[in-house]
Student: 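I'd like to ask some things about the structure below.
The basis for the numbers below is simple: all heavy atoms, side chains too, and nothing from hydrogens, waters or symmetry mates. Lettering follows sequence order; numbering is per chain, from 1. Nothing here was measured: the structure is a model prediction, and the numbers come from that model.
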There are 2 protein chains.
Amino acid sequence: MAKSDAAAAQPDARARLTDDVSFLLARANALSLAAGNAALAALGLKVRSYSVLALACDTAAGPSQRELAEFLRLDPSQVVALVDDLQRRGLIERRPDPADRRANVVVATADGLALHERALAAAEAAERDLHANLSAAERVQLADLLRRIAFP
Amino acid sequence: MAKSDAAAAQPDARARLTDDVSFLLARANALSLAAGNAALAALGLKVRSYSVLALACDTAAGPSQRELAEFLRLDPSQVVALVDDLQRRGLIERRPDPADRRANVVVATADGLALHERALAAAEAAERDLHANLSAAERVQLADLLRRIAFP
DNA sequence: TATTGTTATACTCTATAACTATA
DNA sequence: TATAGTTATAGAGTATAACAATA
């Protein structure tokens, strides 16, 4: 079964992988996640908790934990821990949903809103750095294309 | 999840997040990873091990483990386990690099090349599904934009 | 019966440090 | 001294099932 010839005859897998959207997605996300977590660390946040906080800042009647789980593609049981942590720090509150007593609605406190402002600035700075090789128009276009994959 | 009237009236964090390339990257990658792992499961592979196998199929003189780690953004210690598994299954081999006796060169066996063919087809089918909302030209463009983030 | 939030648990993945053999 | 591979281990992230309260 020795067959170095066939191996040499193969097209270049490295070149193929760098054309593979899934691979590029994974690598770009790894860089983005690392940069985001680093930028948010000074505020005691990670990309995950920042996302929950951002969504809790959405409206006065914030999202339910179920909605958070769906939007962030997390298991509901993971959302519990994230919300616990942010609530313990006084950044968000669980409020019983008057329309459905099973559900909690997650809303930001004043402290949460204030921290979100700073976190947003930090996250945007990290993102600017990550997208240094893209023009503003290209960033918009990238967001458009990604959105069609992320929300099919 | 539908936006309420209240959400439309105020600055909308949900809308802001869906314009955020980092968030879209994370969500698109989560979908891509899940679809890829599901498509490769029947072959006993995951996206990770598939990537290592693909790179080992690259050339007769394959990549070193260090190169695999850098390219896939993994710690060298994680590559050990991936290479161990593929080697145990007879899909790749470690060969001492004649130019540097510290280094191993990872090359695919005949079985590895054969499995890679099937895995490539499965991965491409999953990707076609994931990119159903994109034209061929848009897929190429997305790959270009992602490459400039993934390989700065 | 089905769903929301919760707990518990097991599993995978990730990050770090230390060790060896080579350079 | 520095680097390639390896080992060990702790921590983070993920997936699953089960339960109480409510729909």
Side-chain angles (χ1 to χ4, degrees), chain A residues 26-27 29-38 40-41 44-52 55-56 61-88 92-107, chain B residues 1 25-27 29-38 40-41 44-52 55-56 61-88 92-107:
Chain A
R27 203 180 137 110
N29 182 56
L31 293 174
S32 163
L33 197 62
N37 282 333
L40 293 167
L45 293 172
K46 297 190 175 187
V47 168
R48 276 288 158 73
S49 44
Y50 165 69
S51 300
V52 171
L55 291 168
S64 71
Q65 296 186 197
R66 178 69 50 172
E67 286 174 319
L68 286 173
E70 279 171 21
F71 198 69
L72 300 175
R73 285 203 57 90
L74 298 173
D75 192 87
S77 63
Q78 301 175 246
V79 174
V80 173
L82 286 164
V83 170
D84 279 351
D85 174 56
L86 292 173
Q87 187 173 37
R88 215 174 294 121
I92 61 175
E93 283 175 9
R94 283 175 167 98
R95 291 189 193 156
D97 184 345
D100 184 343
R101 281 189 298 170
R102 293 173 302 182
N104 293 330
V105 150
V106 177
V107 291
Chain B
M1 80 167 98
L25 219 41
R27 203 182 137 108
N29 181 57
L31 294 174
S32 163
L33 197 61
N37 281 333
L40 293 167
L45 293 171
K46 297 189 174 185
V47 168
R48 275 290 157 73
S49 44
Y50 165 70
S51 300
V52 170
L55 291 168
S64 71
Q65 295 186 198
R66 176 70 49 171
E67 286 173 318
L68 287 172
E70 278 171 21
F71 198 69
L72 301 174
R73 282 202 57 89
L74 298 173
D75 191 87
S77 64
Q78 301 175 244
V79 174
V80 173
L82 287 164
V83 170
D84 279 352
D85 174 57
L86 293 173
Q87 187 174 37
R88 213 175 296 123
I92 61 175
E93 284 174 9
R94 283 176 167 98
R95 291 188 195 158
D97 183 345
D100 184 342
R101 281 188 300 171
R102 293 173 303 181
N104 293 331
V105 151
V106 178
V107 290

Student: For B:Asp84 and B:Arg94, run side-chain contact (heavy atoms from CB on, under 4.5 Å): C-alpha distance rounded to whole Å, both residues' side-chain angles, the deciding distance at 0.1 Å, then the answer.
Tutor: CA-CA 9 Å; B:Asp84 279 352; B:Arg94 283 176 167 98; 3.0 Å; yes
Student: Would B:Val83 and B:Leu68 count as a side-chain contact (heavy atoms from CB on, under 4.5 Å) here? Give the steps.
Tutor: CA-CA 10 Å; B:Val83 170; B:Leu68 287 172; 4.3 Å; yes
Student: Within less than 4.0 Å of OP1 or OP2 of C:dT12, is there a side-chain N or O belonging to B:Lys46?
Tutor: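 Answer no for this pair, as no side-chain N or O of B:Lys46 is under 4.0 Å from OP1 or OP2.
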Student: Check the phosphate of C:dT6 against A:Asn104, side-chain N and O only, distance under 4.0 Å to OP1 or OP2. Yes or no?
Tutor: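 The answer is yes; a side-chain N or O of A:Asn104 sits under 4.0 Å from OP1 or OP2.
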Student: What's the CG-P distance between B:Asn37 and C:dT12, to the nearest Å?
Tutor: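 To the nearest whole Å, that distance equals 12 Å.
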Student: What is the separation between atom CG on B:Leu72 and atom P on C:dT14, rounded to the nearest whole Å?
Tutor: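 Atom-to-atom, B:Leu72 to C:dT14, this comes out as 11 Å.
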Student: Mind calculating the distance between CD (A:Glu93) and P (C:dG5) to the nearest angstrom?
Tutor: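 Going from CD in A:Glu93 over to P in C:dG5 covers 16 Å.
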Student: Return the nearest nucleotide to the side chain of B:Ala103; candidates are D:dG13, D:dG5, C:dG5.
Tutor: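 Minimum distance to the B:Ala103 side chain belongs to D:dG5.
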Student: Assign a letter to each nucleotide of nucleotides 15-23 of chain C from its 5' end: B, base within under 4.0 Å of a protein heavy atom; S, sugar-phosphate only; -, no contact.
Tutor: -B-----BS
Student: Supply the atom-to-atom distance B:Gln65 CD to B:Asn104 CG, rounded to the nearest 0.5 angstrom.
Tutor: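 Reported value, rounded in 0.5 Å steps: 5.0 Å.
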Student: Using atom types as modelled and distance alone, determine if a side-chain donor or acceptor of A:Asn37 lies under 3.5 Å from a backbone N or O of A:Lys46.
Tutor: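 No: the side chain of A:Asn37 does not pair with the backbone of A:Lys46.
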Student: Please report, rounded to the nearest Å, how far the P atom of D:dT22 is from the CZ atom of A:Arg66.
Tutor: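 That distance rounds to 17 Å.
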Student: Enter the distance from B:Leu31:CG to A:Arg73:CZ here, rounded to the nearest 0.5 Å.
Tutor: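 If we round to the nearest 0.5 Å, B:Leu31:CG and A:Arg73:CZ are 4.5 Å apart.
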Student: What is the separation between atom CG on A:Leu74 and atom P on C:dT4, rounded to the nearest whole Å?
Tutor: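 Computing the A:Leu74:CG to C:dT4:P distance gives 16 Å.
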Student: Send over the distance from A:Asp97 CG to C:dT3 P, rounded to a whole Å.
Tutor: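 After rounding, the gap between these two atoms is 17 Å.
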Student: Specify the separation, in whole Å, of atom CD of B:Glu67 and atom C1' of D:dG5.
Tutor: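 Rounded to the whole Å, the gap is 14 Å.
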Student: Could you check whether any side-chain heavy atom of B:Leu82 comes within less than 4.5 Å of a side-chain heavy atom of B:Leu74, counting everything from C-beta outward?
Tutor: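 The answer is yes; the side chains approach within 4.5 Å.
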Student: Measure the distance from CG on A:Leu82 to C1' on C:dT6 and round it to the nearest whole Å.
Tutor: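 For the pair A:Leu82 CG and C:dT6 C1', the rounded distance is 14 Å.
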Student: Among residues at least two apart in sequence or on other chains, which ones pass side-chain contact (heavy atoms from CB on, under 4.5 Å) with A:Pro76?
Tutor: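 Once residues adjacent in sequence are excluded, the partners of A:Pro76 under the side-chain contact (heavy atoms from CB on, under 4.5 Å) criterion are A:Arg66, A:Ala69.
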